[in-house]
Novice: 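Quick one: the structure is below, questions incoming.
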Amino acid sequence: MRIPCPHCGERDVSEFRYGGDASRQRPAHGTGDLKAWHDYTFTFDNPKGPHTEHWQHVLGCRQWFSLNRNTATNEITGVVE
Amino acid sequence: MTAFKRLDTGGRIDRSRTLTFTYDGQRLFGQVGDTLASALLANGKMVVGRSFKYHRPRGFLSAGIEEANGLFTIGEGNRAEPNIPGTMVPLVDGLVARSQNAWPSPAFDLMAVNSLAAPLFGAGFYYKTFMGPFKKSWMFYEPFIRKAAGMGKADAAKDGARHDVEYGFCDVLVVGSGPAGLAAALAAGRAGAKVILAEQDAEPGGSLLSESGDTLERWRAATLAELQALANVTLLVRATAQGIYDGNQVVVSQHLANGQLLHVVRARTIILATGALERPLVFSNNDRPGVMLASALRSYLNRFALAPAARAVIATNNDSAYATAFALAEAGVAVTIAEERAVPAGDLLAQAAALGIAIFPNAGIADTLGGNTLKAVRLKGRHSVTIECDVLAMSGGWNPAVHLTSHGGIRPRYDEAIAAFVPGGFADGQFGAGAMLGHFGLLAAVRDGEGAARSALTRCGISKMPAAVEPPAVRDDRAYGIAVAADPFAVTVPGKAFVDFQHDVTAKDIKVAHQEGYHSVEHLKRYTTLGMATDQGKTSNVNALAMMAALRGLTPAEAGTTTFRPPFSPLTVGALAGRSVGRHFRPTRRSPLHDWNAKNGCTFIEAGPWMRAWYYDWAGATPQEAYVKEMELVRKGVGLADVSTLGKIDVQGPDAAEFLNRVYVNGFAKLPVGKARYGVMLNDDGLVLDDGTTSRISDTQFYMTTTTAQAGEVMSWLEYLLQCHWTDLKVHVSSLTDEWGGMAVSGPDSRKALQLAFPDAEVSTEALPYMGVKDISFGGTTVRILRLSFSGELAYEVHCPANFVTALWEHILKAAAPLGIKPYGLEALASLRIEKGHVAGLELDHRNSLDDLGLGKMAAKEKPYIGKELRLRENMQAPERWSLVGLELMEPEKKLRGGSILFAATDEIKGHGRGYITSVTWSTELGKFIALGLYNGGLRHEGEEITAAFPLKNEQVKLKIVSPHFIDKEGARLHA
Amino acid sequence: MAKGYSVFSLLRHALKPDTPWGLAWEKPTPKSSYDVIIIGGGGHGLATAYYLAKNHGITNVAVLEKGYIGSGNVGRNTTIIRSNYMLGTNTPFFEFSLKLWEGLSHDLNYNCMVSHRGQVVVAVSPGQLDSMARRGNIMRLHGIDAELLDRGEVQKLLPYLDYSKDARFPVWGAIHQPRAGTARHDAVAWGYARAASQLGVHIIEDCEVTGIHMEQGRAVGVETTRGRINAGKVGIAVAGHTSQVAAMAGLKLPVESHILQAFVTEAVKPMVHHVVSWGAELFYLSQSDKGGMVFGGHIDGFNTFTQRGQLFKIQDVMQCAVSLMPFMSRMRLLRHWGGIQDMTPDGSPFICRTPVRDLYLNGGWCYQGFKATPASGWTFAHTIAHDSEHELNRDYSLDRFEKGGELDEHGTGNWTYKQ
Amino acid sequence: MPEVMLAAQSPLESVSAFTARDISIREEAGFTLTQVAGFGKAFERPLAAAVGKLPAKVGALQVNEAFTVFRTGPQQFWCVGDVPPQGLPGECLVTPLTSSRCRIRVEGALARRLLARAAAIDFDARSFKPGHFAMTGIHHTPVLIHCVGDNAFHIYAMRTFALAVWEWLVDAGEGMVA
């Protein structure tokens with residue numbers, strides 16, 4: 001798979017670190033809501049289809065970014081601006 | 001008399017250059033241009049192997065990559081490779097080939113007694129027996145089965161060849177250099193695209209190499225010449241496209257003289273011109289040496305100048321084999337055609353008649369006769385005649401080589417017209433051309449190739465279109481015109497009729513699988529092992545699938561096909577691994593002091609990617625001896641240890657303090673400038689991520705340290721928080737792990753050592769109290785002195801830019817020499833921290849909570865921090881959780897071991913116990929073995945005597961639970 | 001009806017080639033209603049149906065499979081069986097599974113080629129050897145076989161590893177479980193199917209579940225490509241697609257689907273006589289009875305349903321193979337493929353009731369589904385039959401993350417939850 | 001006590017240059033590397049005053065009189081020169097990185113081919129020209145590769161991995177000239 005780094009261009013997936021579902025809303029820092037943190041940390045939509053996700057270009061610019069990928073085909077449709 | 005004779009003229013071999021090679025110890029000769037297969041045939045070697053299960057004699061079935069029978073071990077010693085098809089090995093001088101799976105030889109194999117028991121060994125026989133008489137009976141039978149399985153033998157020595165990986169990028173990758181591929185490459189090349197043309201054969205040309213006549217050869221040569229003149233075109237030979245991966249990355253494995261080169265090609269577009277593979281016919285004893293594919297015979301004749309000695313029979317259900325028949329007749333061979341169809345095309349009949357070829361219509365092969373090699377064939381149907389022959393060539397139609405198209409998940413589609421599977425579609429950026437599309441015929445291939453190139457150019461955004469590719473001036477462009485007979489897949493054949501030659505799967509086996517309900521194509525394969533041999537079912541899959549479909553009363557289209565998976569042909573593990581093996585397996589990480597250590601009596605140990613200083617030989621010859629001496633040095637005098645491997649992070653920005661305050665469980669907002677603080681960070685799940693000491697350099701700048709192991713994780717985590725979530729915080733983080741190196745100066749004399757080393761610096765306890773930090777300018781650089789202690793002694797860490805670490809280290813050793821300072825290593829470092837009760841990697845194992853490690857009190861009550869919420873989950877606060885304790889050995893004559901399981905004195909010694917030992921050391925202070933461990937309820941049991949069990953060595957010892965701070969509980973030494 | 005399999009029946013058939021073997025399992029048309037429906041005709045689903053019938057006398061059971069039985073991970077794994085677990089119910093659960101493996105061929109009257117050839121896990125540092133010792137000690141304390149080997153002993157057992165100075169990570173020692181080994185994966189699915197079928201279970205292939213029918217918060221049946229089928233209870237055993245099927249009942253799970261690749265080389269004569277695993281990076285290899293080296297490594301590392309792996313991960317695994325076992329360099333890779341794994345945050349599975357009444361979950365198997373097959377079927381059948389967990393699967397509940405009851409063997413979970 | 005001057009030491013001191021007919025690999029030490037980062041655009045002006053013109057986007061570089069400036073992140077620059085930049089104000093977050101990187105020069109007719117065996121980016125002369133740079137991986141470690149001539153490259157490798165990267169490159173070189 002080739003990942004389009006918004007800063008360095010298209011690179012081999014092995015240059016990146018995967019960061020999981022980016023559509024999850026991280027609970028506010030210090031919210032104290034155990035349920036919210038449980039759901040955020042441990043449960044996943046895990047869709048078979050379109051997925052927005054975090055990647056970091058660890059062997060490049062070290063920037064984190066989000067992109068849209070279809071988990072059924074691995075087709076990448078673009079970086080989330 | 002041999003079945004084949006070498007012709008005096010023709011072919012692509014160089015008769016003036018003779019090569020010597022060895023086959024099963026026998027010295028034989030061949031010509032430049034031969035393959036091992038053609039050379040063996042020229043030497044009269046018809047039986048070249050034995051089949052897998054029944055050990056039936058086998059000869060070459062093909063002349064190409066689909067070869068199922070003629071497998072050899074090629075090379076000797078550390079270059080020997082088993083299971084290589086002789087059809088793909090270009091003959092070179094000195095080649096050494098050995099036959100396989102036969103003893104003493106392929107021609108006379110004692111294992112052939114297996115054939116006698118053949119009725120027992122039908123499909124899936126092993127699932128039905130060997131269950132008894134006892135529970136584990138398979139353990140008795142398995143060794144016998146295993147010994148019989150397998151073809152060649154693996155050689156245990158390290159690979160003597162060299163393999164490398166090269167990354168390639170191109171606009172158009174053309175796979176296959178037959179007429180379609182050549183036309184495609186030429187068109188794309190003329191347009192200026194960056195083209196790579198990959199050909200698996202040693203010579204480009206594909207099917208053109210097996211044809212006769214000058215016209216085609218002239219076209220081939222001219223096309224190649226033009227391609228070679230184009231700087232933007234790269235031609236790779238002996239280079240097989242093995243797989244297409246996501247993002248149109250193609251693995252092309254290329255054989256070089258001294259090993260393999262794996263091209264990992266990122267192609268913007270791919271043109272597949274992979275041709276087609278001929279299908280065998282399924283009839284009784286169709287595996288007898290002397291029976292081969294019609295296309296193979298044409299190849300042996302036209303390319304390798306090998307003709308059957310006198311007589312050949314061609315069995316076919318389609319037109320394509322007539323070319324072989326005509327070429328044979330022209331070479332003076334007596335040819336008979338057994339035509340399965342009722343009425344072959346008129347022009348073929350006329351041409352055959354003109355060449356004196358006898359044709360039997362409606363006449364399949366009933367059986368073959370002979371011993372180890374073919375002597376005659378008996379036709380079926382009303383003819384039922386027996387015809388003596390040297391060779392039987394068969395053609396059951398053609399399978400387009402669709403493999404690569406389905407690597408991306410697109411299933412092939414069945415095309416009734418040619419009774420074969422064609423590509424079910426193409427992934428974005430991929431195109432097909434020629435026979436692989438089921439378009440048979442030379443001109444069609446050239447047209448296709450050129451068209452595919454134009455599509456590819458458009459896809460690449462190249463608007464310049466090339467000049468048209470001039471096709472070869474051939475008159476007759478016969479599309480192979482497959483007209484399939486009524487029962488092309490011969491479901492009902494008597495005798496041993498092989499479908500998968502190498503795995504000995506017969507038509508009957510397929511019937512058995514059907515009877516037992518293994519109907520799906522995958523069940524069929526898995527139950528009969530069809531297509532699982534080294535030829536990957538290239539000649540067998542479609543025949544078998546179609547037979548199963550017929551048995552189920554379905555069309556092949558309804559029954560479906562199996563999935564083709566990479567690699568296209570067997571590919572060595574070494575070729576894929578490339579150079580990242582052995583000492584280059586993973587990069588070695590070295591401290592700035594590595595060279596000094598290497599020269600000064602240090603023994604290293606691998607710690608993750610790092611090579612770390614384990615112990616020094618001044619202290620002893622073994623680690624057990626040395627670490628104790630090194631510990632004593634630190635406890636009584638002063639020692640110097642390399643701590644450069646610690647993760648170090650520069651945290652800068654106006655919000656740096658707020659950021660750290662969120663990340664660490666304890667407060668960092670109010671840390672004064674010039675002070676360090678020990679901090680612990682959690683993951684969102686509330687488990688401990690890492691610990692370390694972080695110093696405040698200025699209002700807006702912090703110097704963070706992490707554990708060696710977690711440095712990379714922590715760095716990415718901080719970047720993630722800042723870049724994905726806390727984008728409003730003005731903080732910038734940079735790794736300093738490589739920029740800064742450091743050393744621990746530890747022991748009661750450490751202050752004196754610093755005073756000797758840095759006479760101008762004020763390091764008194766007033767000027768630099770415990771957890772104080774100061775930067776000094778020294779020796780032309782910045783030196784950062786941090787008063788920290790991992791050992792529990794009065795100690796400092798001295799950091800500076802890595803370029804100067806060795807010089808600084810040498811300076812301190814020299815300056816403090818009067819104090820007897822010496823270096824100490826990782827083993828002592830780790831033991832000293834156990835005595836002090838500091839947790840490290842063995843305790844920070846991502847299973848433990850803050851409280852488990854006895855650090856719960858550090859957590860801020862009010863302030864939020866990452867992991868706070870989930871840290872407070874029910875079970876993570878349970879009083880019976882295992883938490884950190886110190887342990888003292890009560891039986892001095894016994895040994896204490898890491899990984900021991902802990903029990904209360906009255907417990908029965910079984911089950912999970914109440915905890916375990918993480919780290920053990922000899923305590924120089926206490927004169928006994930001590931340990932850190934986790935124990936149910938932790939220090940609530942302080943003072944209790946417990947048992948540590950190590951059943952792996954049948955050991956049990958008595959321990960006492962004590963505080964993990966074995967020394968200096970009050971911290972007097974730290975603050976001295 | 002299939003006849004009993006034995007060397008005698010085999011001989012009879014050899015002598016009378018015209019008497020066909022019967023179907024290994026019947027191919028019935030689905031009824032409108034069953035007591036229990038198991039979604040998923042993989043190893044776990046088929047085993048569950050078998051033990052429902054055998055242990056609990058519940059035979060009015062249908063196993064619904066969207067493709068052919070065994071088309072999921074039971075036919076895609078590296079066939080390893082072992083019980084070297086050290087946390088919570090993992091230890092007794094996997095040992096119970098191994099005990100069931102020992103008698104499985106006998107029990108099913110189908111040779112699953114259960115080979116107790118032993119597994120050797122090679123340590124590359126003293127610290128790692130200590131961790132392995134902890135595991136081995138826990139095993140021994142549960143009556144499970146385990147041996148600690150030093151470098152010399154490893155060399156005797158596995159002479160083909162790299163013991164030279166060239167080895168990037170040195171062999172320090174190993175832990176050996178002699179009773180661990182391999183089994184013929186497809187045969188497990190077929191054997192359970194045949195045995196369940198003989199007990200009256202309906203195995204229905206080419207029948208995809210497209211919805212779960214609920215009434216008053218209870219699962220009452222399923223919608224399939226072959227029509228609606230009612231059920232008293234519904235069990236889900238569809239590892240790889242657990243999230244999708246659970247979502248039909250409105251559940252969102254601690255599961256992410258990742259791809260794990262597997263590899264097989266050409267067959268050669270016997271060379272590797274154990275299952276060998278490595279501590280430097282996750283890597284495991286054994287030689288099949290047919291002679292091919294079967295091996296694998298880590299998941300690719302991001303969620304996907306494509307069943308095809310990434311090239312870099314393939315290269316990684318090949319590098320492990322050659323670096324641990326130099327002879328592997330000249331072995332030729334014949335095929336590689338991918339299976340979709342349910343990865344859970346702690347790497348441990350679920351066998352449990354769900355918030356929906358009469359709906360039961362079996363999934364989240366991460367890397368370890370195959371070796372668990374018999375015990376998974378056994379305990380899931382118990383959980384369905386009694387509407388309560390068996391003592392062996394009591395830790396495999398869905399709510400363990402709420403309570404802080406993670407069971408992390410470092411077989412590794414989907415780990416992306418950390419960021 | 002006499003004034004002590006600490007001598008700098010390279011991680012590649014134990015090896016010597018690799019030279020063959022069409023390829024050479026050698027260390028090119030003697031540079032300073034200073035990372036400068038900031039927030040928004042405010043820090044760019046004073047930075048430009050100190051080091052000269054700044055490249056506009058990530059992956060671009062600017063060769064100025066005293067400094068070669070690489071844009072290594074949206075708000076981050078690497079300034080390579082003989083001495084570190086002076087007089088940067090507080091809004092510039094300065095991180096000296098001179099010791100953290102080791103500079104390896106690869107040069108010769110086979111240089112591009114050799115790099116193609118080391119990193120998974122396109123080194124074709126038509127796309128990776130003098131004045132281009134890329135941040136990528138060699139042997140699993142992060143590197144910055146700067147094309148400094150038609151067939152000449154600077155590789156900035158991590159110090160602690162420098163010897164591993166060096167041996168990896170030399171091994172590739174040996175394979176190509178063997």
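By convention in this document, chain letters (A, B, ...) are assigned in the order of the sequence lines, proteins followed by strands, and residues within each chain are numbered from 1. Keep in mind the model is a prediction, meaning the values are calculated, not measured.
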Novice: Passes side chain to side chain contact (heavy atoms under 4.5 Å, CB included), C/Leu141 versus B/Phe903? Steps please.
Specialist: CA-CA 11 Å; C/Leu141 290 165; B/Phe903 292 88; 3.7 Å; yes

Novice: Return the option, out of C/Lys290, C/Met271, C/Gln315, with the maximum number of heavy-atom pairs under 4.5 Å with chain B.
Specialist: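 Option with the greatest count: C/Lys290.
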
Novice: What part of B/Tyr245 is in contact with chain C, defined as an atom under 4.5 angstrom from a non-hydrogen atom: side chain, backbone, both or neither?
Specialist: side chain

Novice: Under a 4.5 Å heavy-atom cut-off, does chain C meet the side chain of B/Phe950, its backbone, both or neither?
Specialist: both

Novice: For B/Asn954, is it the side chain, the backbone, both, or neither that has a heavy atom closer than 4.5 Å to a heavy atom of chain C?
Specialist: side chain

Novice: Quick check on C/His185 against chain B: is it the side chain, the backbone, both or neither that has a heavy atom closer than 4.5 Å?
Specialist: side chain

Novice: Short question: side chain of C/Arg330, backbone of B/Ala157 - any donor-acceptor pair under 3.5 Å?
Specialist: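 Present.
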
Novice: For the pair C/Phe169 and B/Phe585, name the ring-plane relationship: parallel under 30°, tilted 30 to 60°, perpendicular over 60°.
Specialist: perpendicular

Novice: For the backbone of B/Gly582 and the side chain of C/Asp166, can you confirm whether one donor and one acceptor N or O come within less than 3.5 Å of each other?
Specialist: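 Judged by distance alone, no pair lies under 3.5 Å.
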
Novice: Heavy-atom distance under 4.5 Å to chain C: side chain of B/Val920, backbone, both or neither?
Specialist: neither

Novice: Given that the side chain runs from C-beta out, which part of B/His407 has a heavy atom under 4.5 Å from chain C: side chain, backbone, both or neither?
Specialist: backbone

Novice: Is it the case that the side chain of B/Arg146 and the backbone of C/Pro270 share a donor-acceptor pair, with hydrogens and angles ignored and the cut-off at 3.5 Å?
Specialist: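 Between the backbone of C/Pro270 and the side chain of B/Arg146 there is no qualifying donor-acceptor contact (under 3.5 Å).
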
Novice: So for C/Pro126, is it side chain, backbone, both, or neither that comes closer than 4.5 Å to the heavy atoms of chain B?
Specialist: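 It is the side chain, since no backbone atom gets that close.
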
Novice: Could you tell me which portion of C/Asp289 (side chain, backbone, both or neither) has an atom closer than 4.5 angstrom to a non-hydrogen atom of chain B?
Specialist: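 Its backbone and side chain both get close to chain B.
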
Novice: Please classify the contact of C/Ser164 with chain B as side chain, backbone, both or neither, using a heavy-atom distance under 4.5 Å.
Specialist: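 Interface part for C/Ser164: side chain.
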
Novice: For C/Met325, which atoms come within 4.5 Å of any heavy atom of chain B: side chain, backbone, both, or neither?
Specialist: neither

Novice: C/Glu266: which residues meet the side-chain hydrogen bond (donor to acceptor under 3.5 Å, both in side chains) condition with it, sequence neighbours left out?
Specialist: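 Counting only residues at least two positions away or on another chain, C/Glu266 forms a side-chain hydrogen bond (donor to acceptor under 3.5 Å, both in side chains) with B/Asn83, C/Arg332.
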
Novice: Is chain B contacted by the side chain of C/Glu147, its backbone, both, or neither, given a heavy-atom distance below 4.5 Å?
Specialist: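 The backbone, not the side chain.
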
Novice: Chain B heavy atoms under 4.5 Å from C/Cys320: which part of the residue, side chain, backbone, both or neither?
Specialist: both

Novice: Is C/Arg135 reaching over with its side chain to a backbone N or O of B/Gly899, donor-acceptor style, under 3.5 angstrom?
Specialist: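 Absent.
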
Novice: Taking C/Ile69's backbone N and O only, do any of them form a donor-acceptor pair with B/His523's side chain (distance below 3.5 Å, no angle check)?
Specialist: yes

Novice: Heavy-atom pairs under 4.5 Å with chain C: which of B/Met876, B/Met139, B/Lys153 has the most?
Specialist: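 Going by pairs under 4.5 Å, I would pick B/Met139.
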
Novice: What part of C/Phe312 gets within 4.5 angstrom of chain B, counting heavy atoms only: side chain, backbone, both, or neither?
Specialist: neither

Novice: Between B/Gln515 and chain C, which part of the residue has a heavy atom less than 4.5 Å away: side chain, backbone, both or neither?
Specialist: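 Its backbone and side chain both get close to chain C.
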
Novice: Which answer fits C/Asp206, side chain, backbone, both or neither, if we ask what part of it has an atom under 4.5 Å from a heavy atom of chain B?
Specialist: neither

Novice: Check whether B/Arg79 gets within reach of chain C through its side chain, its backbone, both or neither, counting any heavy atom under 4.5 Å.
Specialist: backbone

Novice: Let's test your reading of the structure: which of C/Ala189, C/Gly191, C/Gly75 forms the most heavy-atom pairs below 4.5 Å with chain B?
Specialist: C/Gly75

Novice: With a 4.5 angstrom heavy-atom cut-off, could you sort out which part of B/Ile605 is near chain C: side chain, backbone, both or neither?
Specialist: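 Side chain of B/Ile605 only, per the 4.5 Å heavy-atom cut-off to chain C.
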
Novice: Using heavy-atom distances under 4.5 Å, tell me whether B/Leu262 contacts chain C through its side chain, its backbone, both, or neither.
Specialist: side chain

Novice: So for B/Pro623, is it side chain, backbone, both, or neither that comes closer than 4.5 Å to the heavy atoms of chain C?
Specialist: neither

Novice: Select one option (side chain, backbone, both, neither) describing which atoms of B/Ser900 are under 4.5 Å from chain C's heavy atoms.
Specialist: backbone

Novice: Examine whether an atom of C/Lys403 lies under 4.5 Å from a heavy atom of chain B, and if so say whether it belongs to the side chain, the backbone or both; otherwise answer neither.
Specialist: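 Looking at C/Lys403, backbone and side chain both touch chain B.
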
Novice: Between C/Ala321 and chain B, with a heavy-atom cut-off of 4.5 Å, which part of the residue counts as in contact: side chain, backbone, both or neither?
Specialist: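 Contact with chain B involves the side chain of C/Ala321 alone.
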
Novice: Is a side-chain N or O of B/Arg565 found less than 3.5 angstrom from the main chain of C/Trp337, in a donor-acceptor match?
Specialist: no

Novice: Okay, side chain of B/Gln536, backbone of C/Leu334: is any donor-acceptor separation there less than 3.5 Å?
Specialist: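 Present.
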
Novice: How long is the gap from CD on C/Glu205 to NE2 on B/His519, to the nearest 0.5 Å?
Specialist: 9.5 Å

Novice: What pair of heavy atoms forms the shortest contact from B/Arg526 to C/Arg184, and how long is it?
Specialist: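 The pair with the smallest heavy-atom distance is O-NH2, 3.2 Å.
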
Novice: Is chain B contacted by the side chain of C/Leu108, its backbone, both, or neither, given a heavy-atom distance below 4.5 Å?
Specialist: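 Nothing of C/Leu108, per the 4.5 Å heavy-atom cut-off to chain B.
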
Novice: Output the option from B/Lys910, B/Met611, B/Arg583, B/Glu516 having the highest count of non-hydrogen pairs under 4.5 Å with chain C.
Specialist: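 Heavy-atom pair counts peak at B/Glu516.
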
Novice: Take C/Ser6 and B/Lys128 through the test side chain to side chain contact (heavy atoms under 4.5 Å, CB included) and record every step on the way to the result.
Specialist: CA-CA 6 Å; C/Ser6 71; B/Lys128 301 191 183 89; over 6 Å; no

Novice: So for B/Ala161, is it side chain, backbone, both, or neither that comes closer than 4.5 Å to the heavy atoms of chain C?
Specialist: neither

Novice: Can you tell me which portion of B/Tyr141 sits under 4.5 Å from chain C's heavy atoms? Options are side chain, backbone, both or neither.
Specialist: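 Looking at B/Tyr141, nothing touches chain C.
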
Novice: With a 3.5 Å distance limit and no angle check, can you tell me whether B/Arg847 reaches the backbone of C/Asp408 through a side-chain donor-acceptor pair?
Specialist: yes

Novice: What's the separation between atom NE2 in B/His912 and atom OG1 in C/Thr89, rounded to the nearest 0.5 Å?
Specialist: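 It comes to 8.0 Å.
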
Novice: Using non-hydrogen atoms and a 4.5 Å limit, figure out which bit of B/Thr529 sits close to chain C: side chain, backbone, both or neither.
Specialist: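 Interface part for B/Thr529: side chain.
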
Novice: Tell me, side chain or backbone of C/Trp190 under 4.5 Å from chain B's heavy atoms, or both, or neither?
Specialist: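 Just the side chain, heavy atoms under 4.5 Å.
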
Novice: List the atom of C/Ser323, the atom of B/Ser580, and the distance in Å for their closest heavy-atom pair.
Specialist: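 Looking at all heavy atoms of both residues, the closest pair is OG-O, 4.0 Å.
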
Novice: Tell me, with the steps shown, if B/Ile901 and C/Arg140 meet side chain to side chain contact (heavy atoms under 4.5 Å, CB included).
Specialist: CA-CA 11 Å; B/Ile901 310 301; C/Arg140 290 280 281 262; over 6 Å; no

Novice: I'd like to know if the side chain of B/Asp159 reaches the main chain of C/Pro326, judged simply by a donor and an acceptor atom lying under 3.5 Å from each other, with no hydrogens or angles considered.
Specialist: no

Novice: Quick check: closest heavy atoms across C/Met331 and B/Ala154, and the distance to 0.1 Å?
Specialist: SD-CB, 3.8 Å

